[in-house]
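What follows is a single structure, written as structure tokens, with notes after it.
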Number of protein chains: 2
Amino acid sequence: MRETDLPHRRLRTWIRLLRMTRGMENHLREYLRVNHDTTLPRFDVMAALYRATGPMKMSELSRQLLVSNGNATAVVERLEKEGLARRVPGEGDRRVVLAELTDKGRELFAAQASEHRGEVDRLFSMLGHEELDALRDILHRVEEASDGQNG
Amino acid sequence: MRETDLPHRRLRTWIRLLRMTRGMENHLREYLRVNHDTTLPRFDVMAALYRATGPMKMSELSRQLLVSNGNATAVVERLEKEGLARRVPGEGDRRVVLAELTDKGRELFAAQASEHRGEVDRLFSMLGHEELDALRDILHRVEEASDGQNG
DNA sequence: GATATATATTTCAAGCTTAAAGTATCTAGC
DNA sequence: GCTAGATACTTTAAGCTTGAAATATATATC
């Protein structure tokens, strides 16, 4: 019967989920552009560097953001040009390059992030604890399964 | 108390959700590249044209995929160069351009899509009816709220 | 310690994506 | 039927993104 056609349901759900996240991303891109004159990738890189306890390996950065290492290089390079980030050679291993925010970068991001958080909160205001619990469980299941396959 | 900090939970959930969909997209991009020598945007455009009952307005295409109209033009142009899609002028309104798959495009997509569906099914094999129900409800809530704000 | 292999990053070419400007056409109001 | 503004699409410039090649360094094996 129709109710047990899991493959079909999974595909439909994936398409809807993707559409939803794209819509939200588009909204946040516009928000960052208009209110903070910045872009999503810049914001994501700055967020990762801001959260990090210290200078961060370029490879760690691209791993965290799930982007190619060439991409990480490019975005950090642009941030560097604007004086928001800097790259320093690694200490022990001379292949390594570490990235970190400048003071200017930290300050700017802190301001952007607090407003960004408010916007995300508004975007998801229709989700209460119950829905967030359900999402938490689902994401947990997905992550668990992916860990089993890859790492 | 911590349990009622909805803004924080919403932000965390959004970040995790985004990370999950990115991981899945990366997997599917790789899958399409290796197994079908194509890309995600090409696949998405072909899927939209395939599903449509007839030739599709360029504006409708970009609206459905949530991408800019310039983007739709670019991807369709590339598909056209490879003989997979074609553009024809609209009948009544001469500003309109309609896009559709060629026979070659339809045939190719049908083959790609059936395998793609299988891959999505494998990727989400950890989700059964219960989780899909929960996701359906959540997506419904989000869509409802977005409809209220925009359209 | 020389050589082979692995790892970390950058560079490169091609494609993707956006926002804004440009072109063509349509519709409304006069 | 003219004009003003709206709509549909394309073009353009800049930035984003990938995968692969290139560079530099580290590690392992002999």
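Hydrogens, waters and symmetry mates are skipped; everything else that's a heavy atom, side chains included, is used. Within every chain, numbering begins at 1; the chains are lettered A, B, ... in the order of the sequence lines, protein sequences first and strands thereafter.
Remark: Arg63(B) engages Glu60(B) in a salt bridge, criterion side-chain N to carboxylate O under 4.0 Å. With salt bridges taken as basic N to acidic carboxylate O contacts below 4.0 Å, none links Glu130(A) and Arg141(B).
For DNA chain D, none of the residues of residues 37-48 of chain B falls under the heavy-atom distance limit of 4.0 Å. The stretch residues 79-88 of chain B has no heavy atom under 4.0 angstrom from DNA chain C at all. Near-neighbour residues of DNA chain C inside residues 51-60 of chain A, defined by a heavy atom below 4.0 Å, number-ordered: Lys57(A), Met58(A), Ser59(A).
In this structure, Tyr31(B) and His36(B) have perpendicular ring planes: the angle between them is above 60°, well past the 30° mark.
Formation of a donor-acceptor pair under 3.5 Å by the Arg10(B) side chain with backbone atoms of Phe124(A) is found in this model. A distance-only check finds no donor-acceptor pair linking the side chain of Arg117(B) to the backbone of Pro7(A) [under 3.5 Å]. A donor-acceptor pair is defined here as one N or O able to donate and one able to accept, closer than 3.5 Å; such a pair exists between the side chain of Thr102(A) and the backbone of Gly83(A). Judged by distance alone, the side chain of Glu30(B) and the main-chain N or O of His27(B) form no donor-acceptor pair under 3.5 Å. The closest donor-acceptor contact from the side chain of Lys104(B) to the backbone of Glu82(B) lies under 3.5 Å. Put simply, the side chain of Arg87(B) never gets that close to the backbone of Val97(B): no donor and acceptor are under 3.5 Å apart.
Rounding to the nearest 0.5 Å places CG of Leu28(B) at 8.0 Å from CE of Met24(B). Between atom CG of residue Leu139(A) and atom CD of residue Glu143(A) there is a gap of 6.0 Å, rounded to the nearest 0.5 Å. Atoms CG and CD1, on Leu17(B) and Ile138(A) in that order, are 10.0 Å from each other to the nearest 0.5 Å. The CG atom of Leu98(A) lies 10.5 Å from the CE atom of Met56(A); values are rounded to the nearest 0.5 Å. Atom OG1 of Thr39(B) is separated from atom CE of Met46(B) by 10.0 Å, given to the nearest 0.5 angstrom. Rounding to the nearest 0.5 Å places CZ of Arg9(A) at 5.0 Å from CZ of Arg136(B).
Both Arg78(B) and Leu98(A) sit near DNA chain C, but only Leu98(A) has its closest nucleotide nearer the 5' end.
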Report task. Apply salt bridge (charged side-chain N to carboxylate O under 4.0 Å, His left out) to Glu119(A) and Arg122(A), showing your working. Result -> CA-CA 5 Å; Glu119(A) 190 63 15; Arg122(A) 271 188 291 283; 2.8 Å; yes
Report task. Take Asp44(B) and Arg22(A) through the test salt bridge (charged side-chain N to carboxylate O under 4.0 Å, His left out) and record every step on the way to the result. Result -> CA-CA 13 Å; Asp44(B) 287 346; Arg22(A) 269 194 206 163; 3.0 Å; yes
Requested in this report: For DNA chain D, produce a single dot-bracket line, 5' to 3'. Pairs: Watson-Crick or G-U wobble, both distances under 3.5 Å. Symbols: ( ) within strand, [ ] crossing, | other strand, . unpaired.
Outcome: ||||||||||||||||||||||||||||||
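For the pair Asp93(B) CG and dA24(C) C1', the interatomic distance rounds to 10 Å; values are reported in whole Å. Rounded to an integer number of Å, the gap from CD of Glu25(B) to P of dT17(D) is 11 Å.
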Protein-nucleotides 18-20 of chain C N/O pairs under 3.5 Å:
unit_1: dT18(C); atom_1: OP2; unit_2: Ser68(B); atom_2: N; d: 2.8
unit_1: dT18(C); atom_1: OP2; unit_2: Ser68(B); atom_2: OG; d: 3.1
unit_1: dT18(C); atom_1: OP2; unit_2: Asn71(B); atom_2: ND2; d: 3.2
unit_1: dA19(C); atom_1: O3'; unit_2: Arg33(A); atom_2: NH1; d: 3.4
unit_1: dA20(C); atom_1: OP1; unit_2: Arg33(A); atom_2: NH1; d: 3.2

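Note on Arg94(B): every side-chain N or O is 4.0 Å or more away from OP1 and OP2 of dA8(D).
Among all heavy-atom pairs drawn from Ala48(B) and Leu65(B), the shortest one is CB-CD2, 4.2 Å.
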Report summary line: Heavy-atom contacts, protein to nucleotides 1-6 of chain C, under 4.0 Å, summarised as B (base), S (sugar-phosphate only) or - (none) per nt, yield -----B
